[in-house]
Protein chains: 4
Amino acid sequence: MTDSRASRHDSRTEAIMKAALDVALEVGYARLSIEAVATRAGVGKHTVYRRWCSRGLLFLDAVLSLNTEGLSHPDTGDVVADLRETMTKAVKLLAHPPWGPLYRALIGEAQHDPEVAAALNRRFIEPQTADTLARLKAAKEQGEIAPDFDLDLAFDILSGPLYYRLLITQQPVTDDYIDSVLRAVFAGMSPRSRPVRRRS
Amino acid sequence: MTDSRASRHDSRTEAIMKAALDVALEVGYARLSIEAVATRAGVGKHTVYRRWCSRGLLFLDAVLSLNTEGLSHPDTGDVVADLRETMTKAVKLLAHPPWGPLYRALIGEAQHDPEVAAALNRRFIEPQTADTLARLKAAKEQGEIAPDFDLDLAFDILSGPLYYRLLITQQPVTDDYIDSVLRAVFAGMSPRSRPVRRRS
Amino acid sequence: MTDSRASRHDSRTEAIMKAALDVALEVGYARLSIEAVATRAGVGKHTVYRRWCSRGLLFLDAVLSLNTEGLSHPDTGDVVADLRETMTKAVKLLAHPPWGPLYRALIGEAQHDPEVAAALNRRFIEPQTADTLARLKAAKEQGEIAPDFDLDLAFDILSGPLYYRLLITQQPVTDDYIDSVLRAVFAGMSPRSRPVRRRS
Amino acid sequence: MTDSRASRHDSRTEAIMKAALDVALEVGYARLSIEAVATRAGVGKHTVYRRWCSRGLLFLDAVLSLNTEGLSHPDTGDVVADLRETMTKAVKLLAHPPWGPLYRALIGEAQHDPEVAAALNRRFIEPQTADTLARLKAAKEQGEIAPDFDLDLAFDILSGPLYYRLLITQQPVTDDYIDSVLRAVFAGMSPRSRPVRRRS
DNA sequence: TTCTAATCGAGACGGTACGTCCCGTCTTTTT
DNA sequence: AAAAAGACGGGACGTACCGTCTCGATTAGAA
């Protein structure tokens, strides 16, 4: 049995990330210490520091190691329905326990630590954004979106309100809220613009 | 004897908040310690703890003690122009040095500390929101906004993208960006909707 | 109305000393703080500091305020019996709970604070010593003590062993021990010297 | 490869005890703080707390680390002369600067802290006492001390007066005083007893 | 197999900051 | 005028973690 993958090195790495999540879930990221993580993982502190140069980056890896299977980017031909699906799934995963508080903490950490901010963008935000942008591009080509509409901006306008609720007002991000954002953004605030049809 | 109000108590309070801002600007909020603030303010640590029960709440008060004269909520009759003014001023104040990093740090702290989150909302977000909502309500009554448009939602859709850039992608929030958000939100993404006129 | 003795000032003083003893008995002198005493006495700290310039001197006064009625200096004509009485009473009072630990603490404090040491000597040790020295002098005149024996030294030799046990070895100072000290000191260690008669 | 014993651990321990003595000599034991000792030793506070659980026990170790070469327990056949030698040397070391004040402070601390008291007895008082008791035993066997004289008591009677002067009256303990104690104790106070010969 | 050489756990280490306690002084308010 | 109440600057407490640094004790691949 020539080594079942998961070299010693990798098994340590995983144990540490697992321990980091456990500790974060138990006492919150604010009180997560490298010492506690190392102890919990049954590992020397050095072994942690050898892999991550800051608490934030360890935490980032730990959070991103969670399976993102919950996220989906379908293309059924109906862009509003597809976006609703994407946003609903994402919100369900990112904005609710148990990962909601951790994701918020991660973004919070990014406000203090540029390295975390950069890595979070590069490794999570940008890939997810790219998928959605591709869907928006297809929609524009299908004539579902005005041809002069900047799609990057479209993404911001769709995502922004959800993050605003998550991070600022901390009001719950419900399916209805997502729905009303979609309707409003597609219709526009101006009275001349036409509303999209309500969800059946 | 009008008494030069600024009792000893108040003068300490101000000195501490001033010191907190100084320290935060010098080393960043992440490295701000109560100890350093107290020393800088020429005050015992207990004098700080007597007033604030956490670093976050002290920092919140310190940041909010800055004059918010930069913020404006005009009503010229042109809601888009007025919102542009409000948003531009707010962004100029909150998203750029020297206060930009501090405001971001404050929101970051709010992700870890529910008390900070609540206080930030109650003392800053909600009042500012109320002013803008009043302006949106007037606009709706004037027929500048579709009569069935939820104004709370409108506020989220306008603010969200700015916060998204500030907190997540960390791309600069320029006047042009604000402008394009306004146009997009008023016009809607749907191809049938009519664009608002471009800024002259 | 020439004031009914126990002016406000004196009543405070007594309340403070009482409180000091209470606190010392509860948590030990080592953990006695002026703040605790003041609070216990229902008095401002200033009122304590106005009367005593150190914790040690307050404690000294508090301990010495205890009635020393337990101490006696009889003169029955039998110097050994009289000394036995004096020493037994003193040890009973000073070396046993509840005052034993306090007296030890007071002497302990005197090792750190010269003012306490001086005051303790002047106000307690010397007066008690004087009484015993007077008794020894009478005994010498009666021929019960060798005429060339230095009485100051005699006092040291009688007291020393008791204090040695109290402060150093912390062995209990029993009546039997006092008795054997008296016998030994009167008889001398030298084999030629004659023993005093045993206590019946 | 004789290994220059003095592992890192031991070198810290010694540095801390040295620093403790330095600080105690400079500002007195009453004002000695763990913080100051650690700083002086160039060591973290935890490194001190890891070794000693109280200021008193650290101080005890520091004081006892002084070489006690000054103490001697000779046996020349003349018990009085030998005791005089032992007592004189001990007093010279323990009752005079620079160690006098520290030894007094140590005994003072023992009055507040039972752990210090116990350790002081076990590690210093008892060994020294044992040596002297052995000498007294030899003397008794040689007929220099009355055969029915309790030697433990003898030790108390010889030591007590010295400690009494050191701790209570704070009169200087001179060679003459030691001499007169010896004479008095050997001769006894009783007029019938015979004086030992005076020191030539 | 035997020997490097790396890795590991364990945790000591110098250091910073924590939040608390108490010092002795100073203010404020009440009586 | 004296008091209680307690705010104040300051110093130290004992603790928690930081990130670095020894330690031996496993490994594990190269000789």
Side-chain angles (χ1 to χ4, degrees), chain A residues 3 7-13 15-16 27 31-39 41-55, chain B residues 7-13 15-16 23 27 30-39 41-55, chain C residues 7-9 11-12 15-16 27 30-39 41-55, chain D residues 7-13 15-16 23 27 30-39 41-55:
Chain A
D3 135 273
S7 63
R8 185 162 66 143
H9 186 273
D10 290 348
S11 78
R12 303 301 194 224
T13 304
I16 294 166
V27 304
R31 274 193 277 276
L32 177 150
S33 70
I34 300 272
E35 292 216 12
V37 170
T39 300
V43 136
K45 284 201 289 179
H46 208 63
T47 305
V48 179
Y49 283 112
R50 198 176 293 123
R51 289 164 171 74
W52 292 277
C53 60
S54 78
R55 188 179 73 135
Chain B
S7 62
R8 186 163 67 144
H9 185 273
D10 291 346
S11 79
R12 297 320 190 218
T13 304
I16 293 166
V23 173
V27 304
R31 273 192 278 273
L32 176 149
S33 70
I34 299 274
E35 199 128 16
V37 170
T39 300
V43 137
K45 280 199 288 181
H46 194 51
T47 303
V48 179
Y49 285 112
R50 198 178 290 126
R51 289 165 171 72
W52 292 279
C53 59
S54 78
R55 190 179 71 135
Chain C
S7 63
R8 184 159 68 143
H9 186 274
S11 79
R12 303 300 194 224
I16 294 166
V27 304
R31 273 194 279 274
L32 176 149
S33 71
I34 300 272
E35 292 216 12
V37 170
T39 300
V43 136
K45 284 200 289 179
H46 207 61
T47 305
V48 178
Y49 283 112
R50 199 175 293 124
R51 288 164 172 74
W52 293 277
C53 60
S54 79
R55 188 178 74 135
Chain D
S7 62
R8 189 163 63 141
H9 185 275
D10 289 348
S11 79
R12 298 318 190 221
T13 303
I16 293 166
V23 173
V27 304
R31 272 192 278 276
L32 176 149
S33 69
I34 299 273
E35 200 129 16
V37 170
T39 300
V43 137
K45 281 200 286 180
H46 194 50
T47 303
V48 179
Y49 285 112
R50 197 178 290 126
R51 288 165 171 72
W52 293 277
C53 60
S54 78
R55 191 178 71 135

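Everything numeric in this text was worked out from a predicted model, so none of it was measured. Here is how names work: the chains are called A, B, and so on, in the same order as the sequence lines, proteins then strands, and each is numbered from 1. Note: hydrogens, waters and symmetry copies are ignored here, and every other heavy atom, side chains too, is used.
Under the side-chain contact (heavy atoms from CB on, under 4.5 Å) criterion, B:T39 pairs with no residue, sequence neighbours left out. Residues passing the side-chain hydrogen bond (donor to acceptor under 3.5 Å, both in side chains) test with C:T47: none are found, sequence neighbours excluded. Scanning for salt bridge (charged side-chain N to carboxylate O under 4.0 Å, His left out) contacts around A:R12 gives an empty result, with sequence neighbours left out. Remark: C:E35 pairs with C:K45 by the side-chain hydrogen bond (donor to acceptor under 3.5 Å, both in side chains) rule, at least two apart or across chains.
Between F:dG9 and B:R12, a contact under 4.0 Å exists linking OP1 or OP2 to a side-chain N or O.
In this entry the distance linking CD of B:E35 with C1' of F:dG14 reads 14 Å, nearest Å. Going from atom CZ of B:R31 over to atom P of F:dG19 covers 11 Å, rounded to whole Å.
Nearest heavy-atom pair, D:I16 versus D:V37, reported as atom, atom and distance to 0.1 Å: O-CG1, 3.7 Å. The minimum heavy-atom distance linking B:L32 with B:R55 is given by the pair O-NH1, 2.9 Å. Across B:A41 and B:A15, no two heavy atoms sit closer than the pair CB-O, 3.7 Å.
More than 12 heavy-atom neighbours from other residues, nucleotides or ligands sit within 6.0 angstrom of CZ on C:R50.
Residue-level contact check: B:R55 touches neither bases nor backbone, having no heavy atom under 4.0 Å from any strand. At a threshold of 4.0 angstrom between heavy atoms, the contacts of C:R50 are confined to the sugar-phosphate backbone, with no base atom among them.
Toward the 5' end of DNA chain F, the nearer of the two residues C:A41 and D:I34, judged by each one's closest nucleotide, is C:A41. Toward the 5′ end of DNA chain E lies the nearest nucleotide of B:A36, the other residue of the pair B:A36 and C:S33 mapping further downstream.
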Do any N or O atoms of the protein come closer than 3.5 Å to N or O atoms of nucleotides 20-22 of chain F, and which pairs are they?
{"unit_1": "F:dC21", "atom_1": "N4", "unit_2": "A:H46", "atom_2": "ND1", "d": "3.3"}

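Along DNA chain E, read 5' to 3', the first and last nucleotides having any atom under 4.0 Å from a heavy atom of chain C are E:dC22 to E:dC26.
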